[in-house]
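Single-structure report; data block below.
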There are 2 protein chains.
Amino acid sequence: MDERASVRTIDRMVEVLDCFSVDRPAWSLTELSARLDLPKSTLHRFLVGLERNGLVRRGHDDNKWRPGHRLVIWGSVASATNDIQQIAAPIMRELAETTRETILLTEYHVGEVVCMDKIETSHSVRIALDVGSRRAPHAGASSKVLMAYLPEDEVERIIEVGLPRYCERTITDPVALRSELERIRQCGYALSYEETDCGAWGIATPVRDWSGAVVAAVGLAGPTVRYSDDAAQRYVALCCDAADAISRRLGAGRADIR
Amino acid sequence: MDERASVRTIDRMVEVLDCFSVDRPAWSLTELSARLDLPKSTLHRFLVGLERNGLVRRGHDDNKWRPGHRLVIWGSVASATNDIQQIAAPIMRELAETTRETILLTEYHVGEVVCMDKIETSHSVRIALDVGSRRAPHAGASSKVLMAYLPEDEVERIIEVGLPRYCERTITDPVALRSELERIRQCGYALSYEETDCGAWGIATPVRDWSGAVVAAVGLAGPTVRYSDDAAQRYVALCCDAADAISRRLGAGRADIR
DNA sequence: CGTGATGTTCCGAAGAGTGGAACGGCGTTC
DNA sequence: GAACGCCGTTCCACTCTTCGGAACATCACG
C-alpha cells in the first residue's frame, strides 16, 4: 500500500472509532490513551473534534466516550445504498420463509468476513448474528465460501496470520483448509458443522457480479438440533438458487452461474 | 465552540462522508470536488485514505465513490450500544403491537431530529421513516416534542435559521410555534396532523433520563385515513405510558414523569 | 490521431497538528 | 482539612504532515 498517498489523521481517527465495540462501548480518556498508545492531549483534541461532529458523545454522568449518533446515520446510508443488499433483500426474505432458518448476507473485507444483512426466523431456537459483526475468514460456511474465491496470495496471507480454533471442528490445518477450498470451488457451495459455534451449522453460496467476481455470500445458519442430511441437501439447492438469482440481477452472465 | 481544540481533518472527513445520502450515494472525484470546493488532488488523497480504511469504496465499473462497509459496522455498534435504544426496543414493540402503527424513537442533535430506531406495522398502508433519517426540528410531533424541551436559546436559534413549510399545516410562524411548544410542555405530549407529509399524522411523548433531561422522544405515526379523535386519545395515553416506562428504566424519578 | 474530459502523481512551501508539561478539579486517604 | 493522587483539560513552540497548483496519465469520443 502506498504510504504517501494517505492522510495519517484519517487512519488515526479510524483507530479511535474502531475501539468502540458492542462488548466495550464506553472508554475514558485515560483508557483510550493506554489502548492506542497516544498522548492524552492529542487524543483529547481528537475526541473533542469527533464529538463536535457527532461521531462520539460522552456520558454526562461518567464522562466516558461512546459512539455518536452520526454513525447511525452513516450506517443506515451505507446499508441502504449497497446494491447487493438491496437486491438480495427480497430473495433472502423468501429463502427465510421457505427454510425457516436465519439467512445471512456476508462480504469479505481485508481479512474479515462482515455480516452485511440478516433475516432471522420466528423459531425460538435460532442462530443470531448481528449486522456489522465480523468473523474469521476461515471458519464457518460463509467465511469459507468467500475465502474460496479470493486471490491465491490473499488466501496465503490469511493462512500466515494463523487459523485459530473456535470450536471443535474448526479447520486449523493449512493443508486441510486448502483442499476444503478446492472442494468448495468444485461444487459451488460450502458447508460447516460446529466450526464457529457449538450447536450451529451452516451453508453458504457465492454471489457474483457482472464481471464474474464473487462479491458476497448468501448463507443459512441453524441449530444442530434441526440438522439432517436431508434438510441440508434441500437447503443447499435453495441457497444456490437464491445466490444465482441475486447474481443474475447483478448482471452475472450464464457462464458464471455454474 | 472552541476553534483551537479541534482537528481540521476530522471536520473535512465528516464533510466528505456526509455527502453520501440515500438519494445521492455515488460521487465521482470531480463531482465531489465541485460540491465540497476542494482541490481534486487534496480530495483524492483523502478518498484513498478513506478507502484504505473501508469508509468508502469505488465501483469497479464506474469508479465513483460510495459508502464503505466499515460504516455498516460502526452503525451497528452505535445502535447496539445506545442505552436508550436497547431499553426502548421491547416497549416500542409492545406499543406497535397494540396500536398497529409505526413507532419511532427520535433524538435531537444539533438542529436536526434523527430517527434512531423504528418499528413498522404489518399494515400495508403505513408510514415509513428510515433509521438514520433526519427531519426538521419544528415540523411533526416528534420534532416538536423534542424542541419543546430544548434550552431557550437553542429554540431561538432554530427559529432564526428559518421554519420552512413542508406541508399545509407546518407551523411556520414563530409566535404560533412558541405557543405550541408551551402547550406541549403543559400537557406532556405533541400532536401533528399533516405537518411534514400529506396523509400522515402523529403523536410523540418525551423520554427523560435520570437527571430529568429529555433525551429522546417516542412517537407514533400513521396515515390520516386511520385517524380519529378517539384513536388519537387512546394512543396518546399509550405513548405516554411507553415513554414513562422507558424514562423510569433510565432512572428518571417520580417527579419528572408527570 | 487530436481533443477534452477525467483520475493520478509530484514536490516545495506553509501552517496544522503534535505532545510534553503545567494546570485545575475532584475524590480519597491519613 | 491538608496532602495526595488521579483524571481531564489547556497551553505553546517546534516540526513533520498535509496542502494544492501543476504536470502527467488514462480514457472516451469524434
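Bear in mind the structure is a predicted one, so any value in this text is a computation, not a measurement.
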Query raised in the report: Where each residue is assigned the nucleotide of DNA chain D containing its nearest heavy atom, which of B/Thr9 and A/Leu29 is assigned the position nearer the 5′ end?
Result: A/Leu29
Query raised in the report: How is A/Ser41 classified with respect to the nucleic acid when contacts are heavy atoms under 4.0 Å: base, sugar-phosphate, or nothing?
Result: base
Query raised in the report: Which whole-number value in Å describes the distance from B/His44 NE2 to D/dT26 P?
Result: 13 Å
Requested in this report: Report the distance from atom CD of B/Glu31 to atom P of C/dT6, rounded to the nearest whole Å.
Outcome: 9 Å
**Report entry** Rounded interatomic separation in angstrom, taking CG from B/Leu43 and P from C/dT9
**Finding:** 14 Å
**Report entry** Residue met sooner reading DNA chain D from 5', once A/Arg58 and A/Ile10 are mapped to nucleotides
**Finding:** A/Arg58
Report summary line: Rounded to the nearest 0.5 Å, the CD atom of A/Glu107 sits from the CG atom of A/Leu146 at a distance of 8.5 Å
Requested in this report: Report the nucleotide, chosen from C/dT18, D/dG8, D/dC19, that has the shortest atom-to-atom distance to any side-chain atom of A/Arg45.
Outcome: C/dT18
**Report entry** Value rounded to 0.5 Å, distance of CG in A/Leu50 from CG in B/Asp11
**Finding:** 9.5 Å
**Report entry** Separation of atom CG in A/Leu47 from atom P in D/dT10, rounded to whole Å
**Finding:** 13 Å
Query raised in the report: In whole angstroms, how far is the C1' atom of D/dG20 from the CG atom of B/Asp37?
Result: 13 Å
Query - For atom CG of B/Leu32 and atom P of D/dG20, their distance in whole Å - result: 15 Å
Query raised in the report: Is any side-chain nitrogen or oxygen of B/Thr42 closer than 4.0 Å to OP1 or OP2 of D/dC19?
Result: no
Query raised in the report: Between B/Arg157 and B/Glu154, is there a salt bridge with N-O shorter than 4.0 Å?
Result: yes
**Report entry** Proximity to the side chain of B/Phe46 - top-ranked nucleotide from D/dC19, D/dT9, D/dA22
**Finding:** D/dC19
Query - Closest nucleotide among D/dC7, D/dG20, C/dG7 to the A/Lys40 side chain - result: D/dC7
Report task. Check whether any side-chain N or O of B/Arg12 sits under 4.0 Å from OP1 or OP2 of D/dT18, and answer yes or no. Result -> no
Query raised in the report: In whole angstrom, what separates B/Arg8's CZ from C/dG15's P?
Result: 10 Å
Report summary line: One should read off an interatomic distance between B/Ile246 CD1 and B/Ile91 CD1, to the nearest 0.5 angstrom, of 4.5 Å
Query - Non-neighbouring partners of A/Tyr166 that pass ring-ring contact (aromatic ring centres under 6.0 Å, His included), sequence neighbours left out - result: A/His138
Query raised in the report: Between atom CG in A/Asp11 and atom P in C/dT18, what is the gap in whole Å?
Result: 12 Å
